[in-house]
Amino acid sequence: FLAVLIACSQQGLADEGFRHYESMVSDYGCSPNTKHKACVVDLLGRVGKMSEAEDFIMGSGSENDPILWHALLRACRIHGDKERGIKTGEKLMELEPFAVTSYVVLYNLYMDAGKISLAMKTRGLMRERGMSKEAGISWAEFGGSIHHFTDGNNSCPHNNAIHARLEELLVSVKQKTERGGTDIWELGFQSRKDGEISLARHGELLGVALGLCTLPSAAPVTVMKNQRISWESHETLKLLSARENRGIIVRDPTHFHRFDQGSCSCRDYW
């Protein structure tokens, strides 16, 4: 049942997924666990029914389980429901007071909503409790060797060549998107006052650039990452897959993202 519910969720088949969920009890006498319930929240979230998803959580008997609220939070982020997202983030802070991700998510939610003082308060509380965000690390195997890339760290091997290759790719994509579509320069790379492109904080992009430099032209590039891939990197990799006519795979903690010809296998929902 869990596999069927996940499949329905990924395909956006909310009505069909609900029928399977209800049949668990009515036809098979199975008691849904929190994973099944989280799938229902995800089903509703994917089709933009955030209010129904929240009502389902509150009536599920598992309203104090973080996994359901994380599913709702993901839907709020994708659909831009900032008010409900903040409410959900605050709920997760109550349920997981010592989970670093709860602080980081709530901080970002406050910042996106322009609530700077609340964001700073959240960051201060995180520091008071001696908590710090885990470093973002990406890695890939090329030529029989494992290569690691830490977000914000410029000390990786072949650093200059990788940065030059990635900047070349971004410039070519920018020229293409100037005629319409996503502006690559608006994805957070031109963050410094001197106009220099900021690349080092996206380790997965550096890993992909190295793969494009070293692998045969027909070989897909596969990179692993210990954190959820950012929206900026996700959009960039979609553009690069079309520009290079290459399959690019990024595995983060929750998804395999297969980028091909300008689209991703997650359908922009992760």
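Looking at P253 and N226, their side chains never come closer than 4.5 Å, going by heavy atoms from C-beta outward. Within the 4.5 Å cutoff, the side chain of E63 has no heavy atoms near those of the L95 side chain. At least one side-chain heavy atom of V105 sits less than 4.5 Å from a side-chain heavy atom of L109. Between E134 and T101 there is no side-chain heavy-atom pair separated by less than 4.5 Å. Side-chain contact between R129 and P97 is present, with at least one heavy-atom pair separated by less than 4.5 Å.
Taking every heavy atom of both residues into account, L73 and G85 meet most closely at CD1-O, 3.5 Å. Contact between A38 and A71 at its shortest, heavy atoms only, is O-CB, 3.9 Å. When all heavy atoms are compared, the tightest approach of H257 to C266 is ND1-SG, 3.6 Å. Considering every non-hydrogen atom in both V223 and S138, the closest pair reads CG1-CB, 4.0 Å. Closest heavy-atom contact between S217 and R246: O-CD, 2.7 Å. Between S145 and H147, the shortest heavy-atom contact is O-CD2, 3.4 Å.
M111 and M93 are members of different hydrophobic clusters when ILVMFWY side chains are connected at heavy-atom separations under 4.5 Å. W139 and L210 are not part of a single hydrophobic cluster, where members link through side-chain heavy atoms under 4.5 Å apart. At a threshold of 4.5 Å between side-chain heavy atoms, the hydrophobic network of Ile, Leu, Val, Met, Phe, Trp and Tyr places M120 and Y110 in two separate groups. In the hydrophobic cluster analysis, where Ile, Leu, Val, Met, Phe, Trp and Tyr join through side-chain heavy atoms closer than 4.5 angstrom, L215 is grouped together with I248. I67 and V100 fall within a single hydrophobic cluster, where Ile, Leu, Val, Met, Phe, Trp and Tyr are joined by side-chain heavy atoms under 4.5 Å apart, directly or via other members.
Under the side-chain hydrogen bond (donor to acceptor under 3.5 Å, both in side chains) criterion, the residue pairs touching residues 38-50 are S9-D42, S9-R46, D42-R46, D42-R74, with sequence neighbours excluded. Under the side-chain hydrogen bond (donor to acceptor under 3.5 Å, both in side chains) criterion, the residue pairs touching residues 21-35 are N33-H36, with sequence neighbours excluded.
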Practice task
Could you walk me through whether F149 and I137 pass side-chain contact (heavy atoms from CB on, under 4.5 Å), step by step?
Solution key: CA-CA 6 Å; F149 305 90; I137 299 175; over 6 Å; no
Handout entry: Derivation and outcome, side-chain contact (heavy atoms from CB on, under 4.5 Å), residues N64 and K91
Key = CA-CA 9 Å; N64 289 324; K91 178 67 175 179; 3.7 Å; yes
Problem - F142 and V221: CA distance, side-chain angles, deciding distance, side-chain contact (heavy atoms from CB on, under 4.5 Å) verdict - result: CA-CA 9 Å; F142 303 128; V221 178; 4.1 Å; yes
Exercise for the section: Mind running side chain to side chain donor-acceptor pair (under 3.5 Å) on Q11 and R267 for me, showing each step along the way? Expected result: CA-CA 9 Å; Q11 294 298 318; R267 298 185 178 184; 3.1 Å; yes
Exercise for the section: Report the C-alpha distance between V104 and M126 in whole Å, list the side-chain angles of each, state the deciding distance to 0.1 Å, and finish with yes or no for side-chain contact (heavy atoms from CB on, under 4.5 Å). Expected result: CA-CA 9 Å; V104 174; M126 185 176 175; 4.3 Å; yes
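Each of V41, L72, L44, L68 was evaluated against E54; a single residue qualifies, L72, per the side-chain contact (heavy atoms from CB on, under 4.5 Å) test.
More than 12 heavy atoms of other shown residues, nucleotides or ligands fall within 6.0 angstrom of atom CD in Q261.
Remark: the backbone N or O of F256 is paired with a side-chain donor or acceptor of S265 at under 3.5 angstrom. In this structure a side-chain-to-backbone donor-acceptor pair under 3.5 Å is present from S241 to G262. S62 contributes no side-chain N or O that, together with a main-chain N or O of D65, makes up a donor-acceptor pair within less than 3.5 Å.
In this structure, the separation between CG on L237 and CD on E204 is 7.0 Å, given to the nearest 0.5 Å. Here the OG atom belonging to S230 is positioned 7.0 Å from the CG atom belonging to L205, to the nearest 0.5 angstrom. Between the CD atom in Q227 and the CG atom in D151 there is a gap of 6.5 Å [rounded to 0.5 Å]. Separation of atoms CD (E96) and NE2 (H70) is listed at 4.0 Å; rounding is to 0.5 Å. Rounding to the nearest 0.5 Å gives a distance of 13.0 Å between CG of L5 and NZ of K37. Note that NZ of K87 is 13.0 Å distant from CE of M50, once rounded to the nearest 0.5 Å.
A cation-pi geometry, defined here as NZ or CZ lying under 6.0 Å from the six-membered ring centre and within 45° of its normal, does not hold between R123 and Y103.
You'll find the ring centres of H234 and F259 inside the 6.0 Å limit.
The pair E244-R165 meets the salt-bridge criterion, with a side-chain N (NZ, NE, NH1 or NH2) lying under 4.0 Å from an Asp/Glu carboxylate O. Between K238 and D268 there is a salt bridge, since a side-chain N of the basic residue sits under 4.0 Å from a carboxylate O of the acidic one.
Partners of E90 according to the salt bridge (Lys or Arg N to Asp or Glu O under 4.0 Å) rule, which considers only residues two or more places apart in sequence or in another chain, do not exist here.
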